[in-house]
Chemist: 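Supplied in structure tokens, the structure appears directly below.
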Amino acid sequence: MTQRKGEKTTISIQEHMAIDVCPGPIQPIKQISDYFPRYPRGLPPTAPPALSRTGSLRSTSTSQKSEGPATDPKQDEDDLDQAFGATALVASKKEEEPDVEGYDSDDSTTLGTLDFSLLYDQENNALHCTINKAKLPIPRYKKGLKPMDHNGLSDPYVKLHLLPGASKANKLRTKTLRNTLNPVWSETLTYYGITDEDMVRKTLRISVCDEDKFRHNEFIGETRIPLKKLKPNQTKNFSNCLEKQLPIDKTDDKSLEERGRIMISLKYSSQKCGLVVGIIRCAHLAAMDANGFSDPYVKTYLKPDENKKSKHKTAVKKKTLNPEFNEEFFYEIKYADLSKKTLEVTVWDYDIGKSNDFIGGLSLGINANGERLKHWFDCLKNKDKKIERWHTLTNELPGSGYND
């Protein structure tokens, strides 16, 4: 192709593509990471020369041009690497330093602490649990812990659970405190019907949880106290670190599962010539309804009952496993005939539209044994004196009192 004088040189697209695909040595393209080298830990890098991007490098490249083509073409790249390497060294040191705020030497300390006290009232068969305060951790995302709320706070409450046993009857909980990591409850929760046997074999599980209105409540931490560590009528203070959730042993003897307990008072009134039976309260009843509760009431019979007029029944308490009745029934009977009688007590769950569910029962009289027999004899020996006792409900009861 001829070119006229003064005309610009033009290259066709075919010639342009031919130039691009022309075979030749392919030079590797430097990556951005090449300008930020990482030095092996423990080996200090050689100190780079004090170079300025506007001065030294530019003068070096100028001197190389004056020397001619014999100069190493990689020298510019090495100097550039050294210049950026000084900045990369400072950044790498910052990365190697541990984050003090996100590090804890003991995982259990990150769950917080709980201050509480326990008192076993042996005379009244009650266990008083006073929940004082807690100190909860700030959620640590780097530790992999579940954050409580989006604002970095919690809505904590404390839940009590007597082990062994998995029913809602032996679970108590405090009120919920909003938006705090340092909650102060100063709240006392009480278990009734606690015997000396329970103090030997049961364990109190105390859990701290975060309440969530729209999702499942979050578990924060727990601590467990064997009740055998407590001395009767002596308050013991605790300040325990919360631990991760431990599995509940389901291999416990099934015979230890109870239907609940009932507190009964007996008194023979010589003035009225009759037996006064008091149904005071129940505790830890078995849940019979789908909602995890029961609607309990109590029935009593004095047998043998030839006229079938000895049946008495308390009021129904809705949706509870620890009802308080405080009702008394009177049976007109001669004192001499009490030794031939048996008092049958049954607890039922009231249902609408179907037969009521039997929860548990017991018998007091000369044919009973253990604490039941002792309670009956104490009533006979002490006229005009009210004798109160806690009794364990069983799932079997002879006689017609079993049928509602």
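Throughout, residue positions are numbered sequentially from 1 according to the sequence presented.
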Chemist: For Glu328, which residues count as a salt bridge (charged side-chain N to carboxylate O under 4.0 Å, His left out) partner, sequence neighbours excluded?
Modeler: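 Once residues adjacent in sequence are excluded, the partners of Glu328 under the salt bridge (charged side-chain N to carboxylate O under 4.0 Å, His left out) criterion are Lys386.
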Chemist: Using side chain to side chain contact (heavy atoms under 4.5 Å, CB included), reason through Leu393 and Leu362 one step at a time and then give a plain yes or no.
Modeler: CA-CA 6 Å; Leu393 299 172; Leu362 61 96; 3.8 Å; yes
Chemist: For residues Leu160 and Ile131, determine if any side-chain heavy atom of one lies less than 4.5 Å from a side-chain heavy atom of the other.
Modeler: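 Touching, per the 4.5 Å side-chain cut-off.
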Chemist: For Cys241 versus Thr113, what's the shortest heavy-atom pair and its separation?
Modeler: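 Heavy atoms only, the tightest pair is SG-CG2, 4.0 Å.
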Chemist: Can you confirm whether Ile194 sits close enough to Lys202 that some side-chain heavy atom of one is under 4.5 Å from a side-chain heavy atom of the other?
Modeler: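 The answer is no, as the side chains (C-beta and beyond) never meet within the 4.5 Å cut-off.
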Chemist: Measuring only between side-chain heavy atoms, which start at C-beta, is Pro323 closer than 4.5 Å to Leu285?
Modeler: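 Contact flag for Pro323/Leu285 side chains = yes.
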Chemist: Are the side chain of Asp349 and the backbone of Ala287 linked by a donor-acceptor contact shorter than 3.5 Å?
Modeler: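 Here the side-chain-to-backbone pair does not exist.
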Chemist: Give me the atom names and distance for the closest heavy-atom approach of Ala283 to Asn322.
Modeler: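 Taking Ala283 first and Asn322 second, the nearest heavy atoms are CA-OD1, 3.4 Å.
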Chemist: Is there a side chain to side chain contact (heavy atoms under 4.5 Å, CB included) between Asp295 and Lys319 once you walk through the steps?
Modeler: CA-CA 5 Å; Asp295 302 323; Lys319 197 178 179 181; 4.3 Å; yes
Chemist: Hey, what do you get for CG (Asp121) to OG1 (Thr190), rounding to the nearest 0.5 Å?
Modeler: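 One gets 9.5 Å once the value is rounded to the nearest 0.5 Å.
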Chemist: Is there a donor-acceptor pair under 3.5 Å between the side chain of Asn356 and the backbone N or O of Asp351?
Modeler: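 Such a contact is found between Asn356 side chain and Asp351 backbone.
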Chemist: If we only count heavy atoms from C-beta on, is the Trp185 to Phe116 side-chain gap below 4.5 Å?
Modeler: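 In short, these two side chains do not touch, never coming nearer than 4.5 Å.
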Chemist: Check the angle between the aromatic planes of His375 and His391 and answer parallel, tilted or perpendicular using the 30° and 60° thresholds.
Modeler: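 His375 and His391: parallel rings.
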Chemist: Report yes if the side chains of Cys282 and Phe325 come closer than 4.5 Å at any heavy-atom pair, otherwise no.
Modeler: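 With C-beta onward as the side chain, the pair touches.
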Chemist: How long is the span from the CG atom in Leu204 to the OG1 atom in Thr223, to the nearest 0.5 Å?
Modeler: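 If I round to the nearest 0.5 Å, the distance is 9.0 Å.
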Chemist: Is the side chain of Thr314 donor-acceptor paired with the backbone N or O of Val298 at a distance under 3.5 Å, no angle test?
Modeler: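 Such a contact is found between Thr314 side chain and Val298 backbone.
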Chemist: Donor-acceptor pair, Lys135 side chain versus Leu181 backbone, under 3.5 Å?
Modeler: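 Here the side-chain-to-backbone pair does not exist.
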Chemist: So which pairs with a foot in residues 302-324 pass ring pair (Phe, Tyr, Trp, His ring centres under 6.0 Å), sequence neighbours left out?
Modeler: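 For residues 302-324, and leaving out neighbouring residues, the ring pair (Phe, Tyr, Trp, His ring centres under 6.0 Å) pairs sorted by first residue read His312-Phe329, His312-Tyr331.
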Chemist: Using modelled atom types only, decide if a donor and an acceptor are shared between the side chain of Asp155 and the backbone of Asp210 within a distance under 3.5 Å.
Modeler: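 Judged by distance alone, no pair lies under 3.5 Å.
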Chemist: Rounded to the nearest 0.5 Å, how far does NE2 of His284 lie from OH of Tyr191?
Modeler: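 One finds 7.5 Å between OH of Tyr191 and NE2 of His284.
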Chemist: For residues Thr188 and Thr130, determine if any side-chain heavy atom of one lies less than 4.5 Å from a side-chain heavy atom of the other.
Modeler: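 Yes, at least one pair of side-chain atoms sits under 4.5 Å.
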Chemist: Measure across Pro296 and Val347 and return the closest heavy-atom pair with its distance rounded to 0.1 Å.
Modeler: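 Scanning both residues completely, I find the closest heavy atoms to be CB-CG1, 4.4 Å.
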Chemist: To check you understand the geometry: which heavy-atom pair defines the closest contact between Tyr120 and Asp196, and what is its length?
Modeler: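 Residues Tyr120 and Asp196, closest heavy atoms: OH-OD1, 2.7 Å.
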Chemist: Between the main-chain N or O of Ile359 and the side-chain N or O of Arg259, is there a donor-acceptor pair closer than 3.5 Å?
Modeler: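 Indeed, once roles are kept as given, a pair shorter than 3.5 Å links the two residues.
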Chemist: If you define the side chain from C-beta out and look only at heavy atoms, does anything of Leu127 sit under 4.5 Å from Leu230?
Modeler: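 In contact.
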Chemist: Out of curiosity, Leu118 CG to Leu227 CG, how far, rounded to the nearest 0.5 Å?
Modeler: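 The CG atom of Leu118 sits 7.5 Å away from the CG atom of Leu227.
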Chemist: Answer yes when Lys159 and Glu222 have at least one side-chain N-carboxylate O distance shorter than 4.0 Å, and no when they do not.
Modeler: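 Here Lys159 does not pair with Glu222 in a salt bridge, since their nearest N and O are not under 4.0 Å apart.
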Chemist: Any salt bridge between Lys374 and Asp378, counting N to O under 4.0 Å?
Modeler: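 Counted as a salt bridge, because a side-chain N and a carboxylate O are separated by less than 4.0 Å.
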Chemist: Write down the atom of Lys299, the atom of Tyr301, and the distance for their closest heavy-atom approach.
Modeler: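 The answer is NZ-OH, 3.5 Å.
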Chemist: For the residue pair Tyr297 and Tyr350, does the interplanar ring angle fall in the parallel (under 30°), tilted (30 to 60°) or perpendicular (over 60°) class?
Modeler: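 Judged by the thresholds at 30° and 60°, the geometry between Tyr297 and Tyr350 is perpendicular.
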Chemist: About how many Å separate NZ of Lys244 and CG of Leu111, when rounded to the nearest 0.5 Å?
Modeler: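 Nearest 0.5 Å value for the CG-NZ distance: 7.5 Å.
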Chemist: Is the backbone of Thr392 close enough, under 3.5 Å, to the side chain of Arg372 for a donor and an acceptor to pair up by distance?
Modeler: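 Yes, Arg372 side chain to Thr392 backbone: donor-acceptor pair under 3.5 Å.
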Chemist: Give a yes or no answer on whether the side chain of Asp289 reaches the backbone of Asn291 with a donor-acceptor pair at less than 3.5 Å.
Modeler: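 Not at all, since once roles are kept as given, no pair shorter than 3.5 Å links the two residues.
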Chemist: Nearest 0.5 Å, please: how far is CD1 in Ile206 from NE2 in His161?
Modeler: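 Going from the NE2 atom of His161 to the CD1 atom of Ile206 covers 12.5 Å.
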Chemist: For Arg178 and Glu211, what are the C-alpha separation, side-chain angles and deciding distance, and is it a salt bridge (Lys or Arg N to Asp or Glu O under 4.0 Å)?
Modeler: CA-CA 9 Å; Arg178 302 294 178 185; Glu211 186 177 282; 2.7 Å; yes
Chemist: Assess the residue pair Lys236 and Lys231 against the criterion (side chain to side chain contact (heavy atoms under 4.5 Å, CB included)); give the C-alpha distance rounded to whole Å, side-chain angles, the decisive distance to 0.1 Å, and a yes or no.
Modeler: CA-CA 8 Å; Lys236 187 170 183 178; Lys231 295 182 180 180; over 6 Å; no
Chemist: Evaluate Leu266 against Leu343 for side chain to side chain contact (heavy atoms under 4.5 Å, CB included), listing each step before the verdict.
Modeler: CA-CA 10 Å; Leu266 297 177; Leu343 179 68; 3.8 Å; yes
Chemist: Please list, chain by chain and in numerical order, all residues satisfying side-chain contact (heavy atoms from CB on, under 4.5 Å) with Asp384, sequence neighbours excluded.
Modeler: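 Applying side-chain contact (heavy atoms from CB on, under 4.5 Å) to Asp384 gives Ser269, Ser270.
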Chemist: For the pair Asp305 (side chain) and Ser310 (backbone), establish whether a donor and an acceptor sit closer than 3.5 Å, ignoring hydrogens and angles.
Modeler: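 Looks like yes, one N/O pair under 3.5 Å.
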Chemist: Hey, is the main chain of Lys175 close enough, under 3.5 Å, to the side chain of Glu187 for a donor-acceptor pair?
Modeler: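 Flag set: sc Glu187 to bb Lys175 pair under 3.5 Å.
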Chemist: Show the nearest heavy-atom pair for residues Leu275 and Tyr268, with the distance to one decimal.
Modeler: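 Heavy atoms of Leu275 and Tyr268 come nearest at N-CD1, 4.1 Å.
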